[in-house]
Amino acid sequence: MWNRFLTMSCLGTLCLSPGATLLAADVPHATAVTAPISVAPYQPPADDSMPDDEFGKLVRLGKRIFTDTGKYAGKYVGNDLSCANCHLDAGRLANSAPLWAAWVKYPAWRGKNKMVNTMEQRIQGCFRYSMNGTPPPADSDELKAIMSYSFWLASGAPTNTDLPGRGYPALDKPAEPPDFERGRKVYTRNCALCHGADGQGTKAEGKIVFPPLWGNDSFNWGAGMHRINTAASFIRANMPLGKGGSLSLQDAWDVAYFMNSHERPQDPRFAGDVKATDKAFHQHQCRYGDKVGGKILGMK
Ligand code: HEC
Ligand code: HEC
């Protein structure tokens, strides 16, 4: 459902401009933040410092699962994606929801499932929705390995704090409401080269080179990325690949709107009726249940 719109994130008189990072410790002293505060992001350890023991083995397996999920955790995956397609640089890159920043924030409350989630449960969530699959059990080798890799990436990071670079940076509202036709033009100019004119990505010798953005092999209607605001922030910070930050605010919103106006796998919480599923789970910025080209999204 396309109904709500983000404004600048404000806390009393304190507002954040895009890209600004606010540390909890700043709040009591600051009255207004006008310029982005730049803090060097936490640096995870280098891959060659992975230990040579039982723990190191699991850390290495975790990295392999994260970067080639279909190959190393195939039975839990229902699409053509790998974790690292959305959590770039194998889960290391600031502003693409890096694993080290997540690690220090769990357990945490999630409005999505209305409970305090452990890190395992958060990872299971991405298997269910972003990977359109079946969550591996908490005591499976696959989940233990991703946990070990995340824990290792966060070695030495301060705990229970919002590290700069966590998640995707929130975006200001665009001047114009996002638009499908403008989004299509942005897509053709900036994205089609890699993701394909039809959004289906590119494979070489059966391996994904550029991941699909919609359709049966993409993330499903329950995934965070199907939200226009989440996709717009990811895209603005990270796409076109290697040229993050180059799209205008308007272009990022328009192309996110266009991308998420296409069919994708059903929301796994679907209970037989698009309207009811829309009402129960899609009261946010998305196109689930909207009519596009004569068809209701979520109905296929
Ligand atoms: C130069 C090639 C290239 C261009 C151009 C490009 N991307 Fe990507 N994109 C990638 C690659 C590669 C990944 C996966 C990143 C990884 O695994 O490290 C990706 C990942 C993504 C993802 C997350 C994974 C998925 O498939 O859902 C989205 C969303 C996305 N791109 C959207 C866009 C949009 C929108 C544009 C245009 C503004 C764009 N990309 C331009 C190469 C590109
Ligand atoms: C289609 C894109 C996509 C794929 C693929 C994906 N995720 Fe995510 N992931 C997201 C989004 C979106 C968020 C929420 C980010 C935000 O809210 O800023 C997220 C959040 C997370 C978080 C919590 C981050 C935080 O700081 O709270 C973890 C942990 C995570 N994902 C792990 C995984 C794992 C493990 C896989 C592979 C099994 C995976 N993700 C695959 C898009 C994806």
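Counting convention: from 1, in listed order, for ligands and their atoms alike.
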Trace of the side-chain hydrogen bond (donor to acceptor under 3.5 Å, both in side chains) decision for Tyr257 with Arg287: CA-CA 8 Å; Tyr257 188 84; Arg287 308 249 26 221; 3.2 Å; yes

Intermediate values then yes/no, side-chain hydrogen bond (donor to acceptor under 3.5 Å, both in side chains), Asp267 and His282: CA-CA 10 Å; Asp267 188 329; His282 292 270; 2.8 Å; yes

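The single protein non-hydrogen atom nearest to atom 12 (C) of ligand 2 is Tyr168 CE1, 3.4 Å, given as residue, atom name and distance. In this structure, atom 15 (C) of ligand 1 lies nearest to the protein heavy atom Leu88 CD2, 3.5 Å. Protein heavy atom closest to atom 23 (C) of ligand 1, with residue, atom name and distance, is Asn85 O, 3.5 Å. With respect to atom 41 (C) of ligand 2, the closest heavy atom belonging to the protein is Cys83 CA, 3.6 Å. Nearest protein heavy-atom neighbour of atom 25 (C) of ligand 1: Pro212 O, 3.6 Å. Residue, atom and distance of the protein heavy atom nearest to atom 2 (C) of ligand 2 are Cys86 SG, 1.9 Å. Protein heavy atom at the shortest distance from atom 13 (C) of ligand 2 is Arg122 NH2, 3.6 Å. Nearest protein neighbour of atom 7 (N) of ligand 2, counting heavy atoms only, is His87 NE2, 2.8 Å. Closest to atom 22 (C) of ligand 1 among all protein heavy atoms lies Phe234 CE2, 3.4 Å. Among protein heavy atoms, the minimum distance from atom 34 (C) of ligand 1 is reached at Cys191 SG, 3.4 Å. Nearest non-hydrogen protein atom to atom 5 (C) of ligand 1 is Asn190 O, 3.2 Å.
Using 4.0 Å as the threshold, Ala84 has a heavy atom nearer than that to some atom of ligand 1. Heavy atoms of Leu193 come nearer than 4.0 angstrom to ligand 1 in no pair at all.
Atom numbering of ligand 1 starts at 1 in the shown order; those under 4.0 Å from a heavy atom of Phe219 are 27 (O). Atoms of ligand 2 lying under 4.0 Å from at least one heavy atom of Gly167, given by number and element, are 18 (O). Every atom of ligand 2 with a heavy atom of Met119 under 4.0 Å away is listed here by number and element: 29 (C). Numbered from 1 in the order shown, with element, the atoms of ligand 2 that lie under 4.0 Å from a heavy atom of Thr230 read 12 (C). Close contacts between ligand 2 and Ser82 involve ligand atoms 5 (C) [criterion: under 4.0 Å to a heavy atom].
Only the side chain of Met131 comes within contact range of ligand 2, with a heavy atom under 4.0 Å; no backbone atom does. Contacts with ligand 2 closer than 4.0 Å are made by side-chain heavy atoms of Cys126 only, the backbone lying farther away. Residue contacts with ligand 2, taken as heavy atom pairs separated by less than 4.0 Å, do not involve Ser218 at all. Only the side chain of Phe66 comes within 4.0 Å of ligand 2, judged by heavy-atom distances.
Contact check for Phe210 versus Lys203: no side-chain heavy atoms found under the 4.5 Å cut-off. Contact annotation: the side chain of Leu297 approaches that of Glu263 to within less than 4.5 Å [non-hydrogen atoms, C-beta and beyond].
Side-chain rings of His226 and Tyr288 stay apart, their centers remaining 6.0 Å or farther from each other.
At least one N/O/S atom of His195, whether from backbone or side chain, sits less than 2.8 Å from atom 8 (Fe) of ligand 1. Residue side and main chain included, Met239 places an N/O/S atom under 2.8 Å of atom 8 (Fe) of ligand 1.
The shortest N/O to N/O separation between Val209 and ligand 1 does not fall below 3.5 Å.
Salt-bridge formation is not detected for the pair Lys185/Asp254: no Lys NZ or Arg NE/NH1/NH2 atom is positioned less than 4.0 Å from an Asp or Glu carboxylate oxygen. Look at Lys275 and Asp273 and you find no salt bridge, because none of the NZ, NE, NH1 or NH2 atoms lies under 4.0 Å from a carboxylate O. Ion pairing of Arg92 with Asp47 is present here, as a side-chain N (NZ or NE/NH1/NH2) and a carboxylate O approach within less than 4.0 Å.
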